[in-house]
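All remarks here apply to the structure that follows.
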Amino acid sequence: MITLSQRLKRKNQNEDTSTPNRAPIRDRLLVKEAQEMSQLLPVSCSIHYTNENDLSKFTLIVQPTEGYWEGGTFRFDINVTEEYNMVPPIVKCSTKLWHPNISENGEVCLSLLRRHSVDGMGWSPIRRLNDVVWGLHALFTDLLNFEDPLNVEAADQFRHSKEDFKLKVMEYVANYARE
Amino acid sequence: MADENDNERMDDNQKSDKMFTLKKWNAVAMWSWDVECDTCAICRVQVMDACLRCQAESKKDSYGKQDCVVVWGECNHSFHYCCMSLWVKQNNRCPLCQQEWSIQRMGK
């Protein structure tokens, strides 16, 4: 016969063995980093947690106040995996946009977020969530890079006609990036 | 010369009717470890303390002491050995200066 106490006992044992190794480290780092991140947030950004008890999954909303994407609202889903901070967070842009460094599927090209780097520009465990937020924010201004594009078509269009590029950006903003 | 001596004598006289007397003072000293970086940049805990992982698992050696040593690279940067051994598996560079990582010494 299965009794409740036995079931609970078995459940606890299972939990003990399946507890992942790195998660407690990540969670300890997250407590400090989440606080730092919200204190140093750029004015055009905001952070939203899906579940307030889980600091490892959140959405960054960027509303650029200058540049080509001004007036748009762009969402980045950020997932801090259990291996953090040995690996960077996984970032996906869930707002469709026309940008040389972000694909239409939402893949983001930011050196900081590269797990394996050959040039020493990729992820390093000394980086923090705050660096990731400022990096994503800067993709709309300082880090905007047409020379090494992920969306090659967007970069080519910019090279041929800045006006066409600007129009397409605005069209995407109007269709997909309204608040 | 005579004038100067007079002045000194006058100073002595003035000191006798002083307004304050220092009765007690407490010295405060600061100390820090004599290393270039005293905090492990990977787990952000002092290198002389156990790393975050060892603290979480409260790992102890057979003598009951925490067995978490410090490692210095040729670049003079120091980290917890536990933290660094995890990192070099995927990138054999110092996280702080990006130089090729090679161990200079280990210990406390």
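Note on naming: letters A, B, ... go to the chains in the order of the sequence lines (proteins, then strands), and numbering restarts at 1 for each one.
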* Should we count CZ of A:R75 as having more than 12 external heavy atoms under 6.0 Å? -> no

* To do: Could you tell me whether B:Y81 atom OH has more than 12 heavy atoms of other residues or ligands within 6.0 Å of it?
  => no

* Structure fact -> Separation between CG (B:L86) and CD (A:E83), nearest 0.5 Å, reads 9.5 Å

* Can you say whether B:C40 sits under 4.5 Å from chain A via the side chain, the backbone, both, or neither, judging by heavy atoms? -> neither

* Asked: Counting heavy atoms not belonging to A:E52, are there more than 12 under 6.0 Å from its CD?
  -> no

* Structure fact -> Closest non-hydrogen atoms of A:L29 and B:I42, given as atom of the first, atom of the second and distance, are CD2-O, 4.5 Å

* Report the C-alpha separation of A:E33 and B:R44 in whole Å, then their side-chain angles, then the decisive distance to 0.1 Å, and conclude whether the side chain to side chain contact (heavy atoms under 4.5 Å, CB included) test is met. => CA-CA 11 Å; A:E33 290 193 33; B:R44 295 120 203 203; 2.4 Å; yes

* Asked: Atom CD1 in A:I25, atom SG in B:C51: separation rounded to 0.5 Å?
  -> 6.5 Å

* **Criterion side chain to side chain contact (heavy atoms under 4.5 Å, CB included) on B:V45 and A:R28, from CA distance to verdict** => CA-CA 11 Å; B:V45 172; A:R28 281 174 177 229; over 6 Å; no

* Of the non-hydrogen atoms in B:W87 and A:W123, which two are nearest, and what is the gap between them? -> CH2-O, 3.3 Å

* Going only through I, L, V, M, F, W and Y residues with side-chain contacts under 4.5 Å, is there a path from A:L97 to A:L150? -> no

* To do: Report yes or no: do A:F76 and A:L40 belong to one cluster of Ile/Leu/Val/Met/Phe/Trp/Tyr joined by side chain heavy-atom distances under 4.5 Å?
  => no

* To do: For B:Q104, look at atom CD and say whether over 12 heavy atoms of other residues, nucleotides or ligands are found less than 6.0 Å away.
  => yes

* **Where B:P95 and A:I126 come nearest, the two heavy atoms and their spacing** => O-CD1, 3.4 Å

* Do other residues, nucleotides or ligands put more than 12 heavy atoms under 6.0 Å from A:H160 NE2? -> no

* Mind checking the CG-OG spacing from B:L96 to A:S124? Nearest 0.5 Å is all I need. => 7.0 Å

